[in-house]
Amino acid sequence: MLGAWGGWQAFRRCASLPRTQRAVRLRVREALGAREPADEVKVQGWVRSVRSQKEVLFLHINDGSSLENLQVVADPSLENRDLTFGSAVEVQGKLVKSPHRMQNVELKAKTIRVVGPCDTWLFPLKTKERHPLEYIRQFPHLRCRSNTLGSLLRIRSEATAAIHSFFQDNGYVHIHTPIITSNDCEGAGELFQIETSNEARESAEKTHFFSVPAFLTVSGQLHLEVMAGAFTHVFTFGPTFRAENSQSRRHLAEFYMVEAELSFTESLQDIMQVMEALFKTTASTVLSKCPRDVELFHKYIAPTQKDRLEQMLKNKFVIISYNEAVEILKQASQTFTFKPEWGCDLQTEHEKYLVKHCGEVPVFVINYPYDLKPFYMRDNEDEPQHTVAAVDLLVPGIGELCGGSLREERLPFLKSRLQRLGLADAYQWYLDLRKFGSVPHGGFGMGFERYLQCILGVDNIKDVIPFPRFSHSCLL
């Protein structure tokens, strides 16, 4: 054991030893945004290009934090056989001002360590090639390393944060609604049913893990309505599932939905104001936070989308009734695959035409026929046409983006409709909400992936998700 004096002397010797300056770890985005040079920094990432000259070695590295790469300048003696495109590296050195106009700083390397080599012959992404979306879709486990998907995922991240900020800034409470449920909110029968492996093998016994049939949710709306009885403004943002037997460019089996419910509202105008503000605020935030990423899409994927998006953001959204929409379609010179008739649902071709007819700005279509919409939508009591207080938001290039309505808060109306549909017993809990402090309320849902398609101009919805389904005939 050291005595008090011995301990003090040991401490003094340790304190007098020269300290080694630790390198400050920077992300590529932070390094590119640095205003002053820095002596000891460390950057980790993946090599995007290697260029070796007689007197200098140039690397470009990226860590996913930015579309732009950081240039590394090194002595040729630091090059080794594993330093190739796609390899993972750790570079230490000085951050210095760059003599080139295209960049503010560059990293003058002291050491380069290859953390993980990459076989460039087998790696499906190639340096200096702009791979089309169709090509990189074949590699769901690697496509995030391409510039296009990297930009898309940064945009998704910022858009997600912007949506949460919008609702929180406006006083909404975020609710985690269930993914496993016994409810079919849409009533369309397009659900994935959940069974345990034992249930699948012993289906003849008709036993259920939850005692009742359980499904993956198609919407969090009904659960949000429960919460809207205690909080005046609520929202949810999570995965939803539709068992549509379609491999089209418009459909996904799993996608994200933004949904909101507002209590004490008796006007569709209130719902539409929130929808329009959400659309514009989120898009403006994405344009502000990810200008280069959005530019990549508007320059190389959809050259006309920049002007189209500017039109959507600066103009007030148009409002027309379902009746007006049908009349516009009937008078159109265009021949439709599905003939427009009152009482029939609007098809995608109809929705796109209506947007074009209204000047390529988003269009609210309100007051749909009663028999077209689910049981929870408020009856307008406008016989003989008989409509409900429903609204769909149609946008250029996509068609329907959002759907919403006033909810039927009047117990006799709701009970009568559920009885006619044979659903009164299954939705007794929903009827209870109308017995205890029921108020006029309404809400809407917006498909997140369709929203990304709308602002970026991407044609295939499978190109705005992190992992495309059924690639190589399997799920990741």
Side-chain angles (χ1 to χ4, degrees), residues 152 155-172 174 219-221 224 233-238 240 250 255-262 265 267-291 293-294 297-298 302 304-320 325 346 348 351-352 354-356 358-366 390-405 442-458 461 464:
L152 180 276
I155 290 168
R156 274 189 74 110
S157 179
E158 289 293 349
T160 298
I163 287 168
H164 278 274
S165 294
F166 171 84
F167 283 116
Q168 289 166 352
D169 291 347
N170 286 281
Y172 286 73
H174 182 213
S219 170
Q221 178 210 313
L224 275 189
H233 293 74
V234 292
F235 82 102
T236 190
F237 187 2
T240 53
R250 288 177 48 82
F255 57 96
Y256 273 69
M257 280 275 283
V258 184
E259 300 178 87
E261 290 291 319
L262 297 73
T265 181
S267 169
L268 274 180
Q269 188 66 41
D270 295 339
I271 309 298
M272 292 186 287
Q273 285 178 355
V274 178
M275 293 163 74
E276 183 169 350
L278 173 65
F279 181 100
K280 291 182 174 180
T281 302
T282 302
S284 297
T285 301
V286 169
L287 289 172
S288 173
K289 295 287 186 69
C290 307
D293 291 314
V294 175
F297 281 89
H298 290 176
T304 63
Q305 193 63 20
K306 181 180 179 181
D307 292 338
R308 179 186 275 180
L309 181 59
E310 288 176 354
Q311 283 288 106
M312 287 189 269
L313 295 180
K314 76 178 183 180
N315 287 297
K316 186 74 177 171
F317 292 2
V318 175
I319 303 174
I320 62 175
L346 299 180
T348 302
E351 295 166 347
K352 290 183 176 181
L354 290 170
V355 171
K356 184 178 180 180
C358 293
E360 290 290 351
V361 296
V363 179
F364 289 114
V365 180
I366 63 173
V391 56
D392 285 344
L393 175 60
L394 316 181
V395 295
I398 302 296
E400 182 186 348
L401 175 64
C402 301
S405 75
F444 68 93
M446 179 180 78
F448 184 51
E449 281 76 14
R450 283 194 181 182
Y451 179 72
L452 294 174
Q453 281 187 282
C454 178
I455 64 175
L456 299 178
V458 177
I461 197 169
V464 294

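The first residue in the sequence is number 1, and the count goes up from there. This structure is a prediction, so every number in the text was calculated from the model and none was measured.
Looking at residues two or more places apart in sequence or on another chain, you find a side chain to side chain contact (heavy atoms under 4.5 Å, CB included) between T160 and H164, F237, F448. Among residues two or more places apart in sequence or in another chain, the side chain to side chain contact (heavy atoms under 4.5 Å, CB included) test is passed with A325 by I320, L354, V365. Listed by chain and residue number, L346, T348, L394, E400 satisfy the side chain to side chain contact (heavy atoms under 4.5 Å, CB included) test with E351 (two or more places apart in sequence, or in another chain). Listed by chain and number, the residues in a side chain to side chain contact (heavy atoms under 4.5 Å, CB included) with Q269 are S267, M272, Q273, I319 (sequence neighbours excluded). Contacts of E449 classified as side-chain hydrogen bond (donor to acceptor under 3.5 Å, both in side chains), with partners at least two apart in sequence or in another chain: R156.
Partner of K314 under the side-chain contact (heavy atoms from CB on, under 4.5 Å) criterion, chosen from M312, E310, K316, Q311: Q311.
Between L456 and F297 the shortest heavy-atom distance is O-CB, 3.9 Å. Closest approach of G403 to D392, counting heavy atoms only: CA-OD1, 3.5 Å. In this structure, H298 and L309 approach most closely via the heavy-atom pair CE1-CD2, 4.0 Å. Considering every non-hydrogen atom in both R308 and P396, the closest pair reads CD-CB, 3.7 Å. Counting all heavy atoms, side chain and backbone alike, C290 lies closest to E158 at SG-CG, 3.3 Å. Closest of all the heavy-atom pairs between S405 and V391 is N-CG1, 4.3 Å.
For the atom pair I271 CD1 and I366 CD1, the distance stands at 12.5 Å (nearest 0.5 Å). From F444, atom CZ reaches atom CD of E261 across 9.5 Å, with rounding to the nearest 0.5 Å. The CD1 atom of I398 sits 4.0 Å away from atom CD of Q453, with the distance rounded to the nearest 0.5 Å. Taking CG of L224 as the reference point, atom CZ of F235 lies at 9.5 Å (rounded to 0.5 Å). In this structure, the separation between CD on Q168 and NE2 on H174 is 8.0 Å, given to the nearest 0.5 Å.
Within 6.0 Å of CZ on F167 lie more than 12 heavy atoms contributed by other residues, nucleotides or ligands.
Listed for the E259 side chain is a donor-acceptor partner under 3.5 Å among the backbone atoms of G220. Looking only at distances, no side-chain donor or acceptor of E360 sits under 3.5 Å from a matching main-chain atom of G397.
By the 4.5 Å heavy-atom criterion applied to side chains, L452 and V458 are not counted as neighbours. Residues F166 and V274 meet the side-chain proximity criterion, which asks for heavy atoms closer than 4.5 Å. Looking only at side-chain heavy atoms (C-beta outward), Y172 and L262 come within less than 4.5 Å of each other. Side-chain contact between M275 and F317 is absent, with no heavy atoms from C-beta onward closer than 4.5 Å.
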Distance-only donor-acceptor hits, side chain of residues 277-284, under 3.5 Å, sequence neighbours excluded:
unit_1 : atom_1 : unit_2 : atom_2 : d
K280   : NZ     : E276   : OE2    : 2.9
K280   : NZ     : N315   : O      : 2.8
T281   : OG1    : A277   : O      : 2.7
T282   : OG1    : L278   : O      : 2.9
S284   : OG     : K280   : O      : 2.9

